[in-house]
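Values below: every heavy atom of this structure, side chains too, minus hydrogens, waters and symmetry copies. Throughout, residue positions are numbered sequentially from 1 according to the sequence presented.
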Amino acid sequence: MFYDPRTEVSGLPHSPFNSGCTPRPIGWISTISPDGVHNIAPFSQFINVTFDPPTILFVSCGTPQTDTAENAVATGEFVWNMATYDQREQVVKSAIPYAREIDEWNEIGIEWVPSKFVKPRRVKASPVHFECVVHQTIDFPGRIPRAAGRIIIGHVIGIHIADEVLTADGRVDTLKIRPLARLGYLDYTTVDSKFELPVPPVPGTIHDPLRHTPETLHPPAEI
């Protein structure tokens, strides 16, 4: 099949677009409002941007904007919590559009721990957290109000990793964590298998078969 989304619809019972962008990691984002109300919500438009400085983004869609986006912009802070298969029920409950004055952590029963550098909470059971400060926001229009989006880009200023999910050789054990990911429609998946595919060497060059990105540390920059 083929269709031009500028002028046509697919003709299928449900839009297939998101099913072509899978799997998508979950941005389980926690924020706090200027009035001190804590919020947490999942976003399937989430990804890392660059590694030095470590930077991530999530996209919030809709008009008016979500509480998460409004809080992040107003306070300049948010936390990404890694969502796992074991947390799937709490993740989907946190997608409910509660009233702005509701503390969703209490409403859903999510245990939390304080962050080190920012005010938003961290999910206690999540194995990895990124504490972030907002670097930039980009608003873009949609053809319908609920498609209007806001890209929120954050610099990661604090990384928490649970010791029990680190392997003996210093890697994050993805299979032990079983991260949750979004497919199309209302479908999700989890990571329960993996394999390595080293990039072949260019003939005549010295090659690192694992293509590890070295960890770097530069003098602090204004972010």
_Quick check against the 3.5 Å criterion: does Arg143 have a side-chain atom that pairs as donor or acceptor with the backbone of Arg6?_
yes
*What heavy-atom pair brings Val123 and Gln87 nearest, and what distance separates the two atoms?*
CG1-NE2, 3.7 Å
_Check Asp103 with Arg121, please: is the shortest side-chain N to carboxylate O separation under 4.0 Å?_
yes
*Decide yes or no on side chain to side chain contact (heavy atoms under 4.5 Å, CB included) for Met82 and Val172, but give the supporting numbers first.*
CA-CA 12 Å; Met82 179 178 280; Val172 175; 5.7 Å; no
_Distance check, rounded to the nearest 0.5 Å: Asn81 atom CG versus Ile110 atom CD1?_
8.5 Å
*Can you tell if the side chain of Ser19 reaches within under 4.5 Å of the side chain of Tyr185, non-hydrogen atoms only?*
yes
_Between Thr190 (side chain only) and Leu180 (backbone N and O only), is there a donor and an acceptor less than 3.5 Å apart?_
no
*asked:* Testing the 3.5 Å rule here: is there a donor-acceptor pair between the side chains of Asp86 and Thr84?
replied: no
*asked:* Would the distance check show the side chain of Arg88 and the main-chain N or O of Tyr85 forming a donor-acceptor pair, the cut-off being under 3.5 Å?
replied: yes
*Side-chain heavy atoms of Leu175 within contact of Asp173, under 4.5 Å*: yes
_For Thr66 and Ser60, which I'm curious about, is there any donor-acceptor pair between the side chains at under 3.5 Å?_
yes
*Is there side-chain contact between Trp80 and Ile26, with heavy atoms separated by less than 4.5 Å?*
no
_Quick check for you: to the nearest 0.5 Å, what is the distance between Ile56 atom CD1 and His135 atom NE2?_
13.0 Å
*Between Phe130 and Val73, is there a shared hydrophobic cluster once you connect ILVMFWY residues whose side-chain heavy atoms come closer than 4.5 Å?*
yes
_Between Ser126 and Trp28, a side-chain donor and acceptor under 3.5 Å_ = no
*Is any side-chain heavy atom of Ser33 closer than 4.5 Å to a side-chain heavy atom of Thr75?*
no
*Would a hydrophobic clustering, with Ile, Leu, Val, Met, Phe, Trp and Tyr connected at side-chain separations under 4.5 Å, put Val49 with Ile152?*
no
_Is the shortest side-chain heavy-atom distance between Ile159 and His129 below 4.5 Å?_
no
*Atom CG in Leu57, atom OG1 in Thr137: separation rounded to 0.5 Å?*
12.0 Å
*What pair of heavy atoms forms the shortest contact from Thr22 to Gly184, and how long is it?*
CG2-N, 3.7 Å
*For Val91 and Pro42, which heavy atoms make the closest approach, and how far apart are they?*
O-CG, 3.5 Å
*Specify the closest pair of heavy atoms between Pro34 and Arg100, including all atoms of both residues, with the distance to one decimal.*
CD-NH2, 4.2 Å
*Would you please test Asn39 and Thr68 for side chain to side chain donor-acceptor pair (under 3.5 Å) and show each step?*
CA-CA 7 Å; Asn39 178 279; Thr68 300; 2.9 Å; yes
_Check against side chain to side chain contact (heavy atoms under 4.5 Å, CB included), Lys119 and His38_ = CA-CA 9 Å; Lys119 291 182 181 179; His38 287 273; 5.8 Å; no
*Please tell me if the side chains of Ser30 and Trp105 come closer than 4.5 Å, counting only heavy atoms from C-beta onward.*
yes
_Residues forming a salt bridge (Lys or Arg N to Asp or Glu O under 4.0 Å) with Glu111, sequence neighbours excluded_ = Lys124
*Going only through I, L, V, M, F, W and Y residues with side-chain contacts under 4.5 Å, is there a path from Val59 to Ile153?*
yes
*Which heavy atom of Asp139 sits nearest a heavy atom of Arg150, and at what distance?*
OD1-NE, 2.7 Å
*Give, for atom CD1 of Ile40 and atom CG of Asp67, the distance between the pair rounded to the nearest 0.5 Å.*
13.5 Å
_Less than 3.5 Å apart, any donor N or O on the side chain of Asn48 or Thr55 sitting next to an acceptor on the other?_
no
_To the closest 0.5 Å, what do you measure between CD1 (Ile108) and CD1 (Ile96)?_
6.5 Å
*Looking at residues at least two apart in the chain, or sitting in another chain, which of them share a ring-ring contact (aromatic ring centres under 6.0 Å, His included) with Phe58?*
Phe43, Phe78
*Heavy atoms, side chains only, cut-off 4.5 Å: are Val118 and Val79 in contact?*
yes
*asked:* So that I can tick it off, tell me whether Arg171 and Glu196 are bridged by a salt bridge, with the cut-off set at under 4.0 angstrom between side-chain N and carboxylate O.
replied: yes
*Sidechain-backbone polar pair: Glu107 side chain, Ile102 backbone, donor-acceptor under 3.5 Å*: no
*For Thr63 and Pro145, indicate whether the former's side chain and the latter's backbone hold a donor-acceptor pair under 3.5 Å.*
yes
_Before you tell me yes or no, could you show the steps for Arg24 and Asn18 under side chain to side chain contact (heavy atoms under 4.5 Å, CB included), namely the whole-Å CA-CA distance, both residues' side-chain angles and the distance that decides it to 0.1 Å?_
CA-CA 9 Å; Arg24 304 190 303 278; Asn18 285 347; 3.8 Å; yes
*Hey, does the side chain of Arg122 reach the backbone of Pro114 with a donor-acceptor pair shorter than 3.5 angstrom?*
yes
*Minimum heavy-atom separation for Ala72 to Val134, with atom names?*
O-CG2, 3.4 Å
*Crowded around Leu186 CG? As in, over 12 foreign heavy atoms under 6.0 Å?*
no
*asked:* Using the rule given for side chain to side chain contact (heavy atoms under 4.5 Å, CB included), can you reason through Glu131 versus Glu77, listing the C-alpha separation, both sets of side-chain angles and the distance that settles it, and then say yes or no?
replied: CA-CA 8 Å; Glu131 297 187 28; Glu77 298 180 342; over 6 Å; no
*Who are the side-chain contact (heavy atoms from CB on, under 4.5 Å) partners of Leu12, not counting sequence neighbours?*
Met1, Ser10, Pro16
*CG-SG distance between Leu183 and Cys21, expressed to the nearest 0.5 angstrom*: 11.5 Å
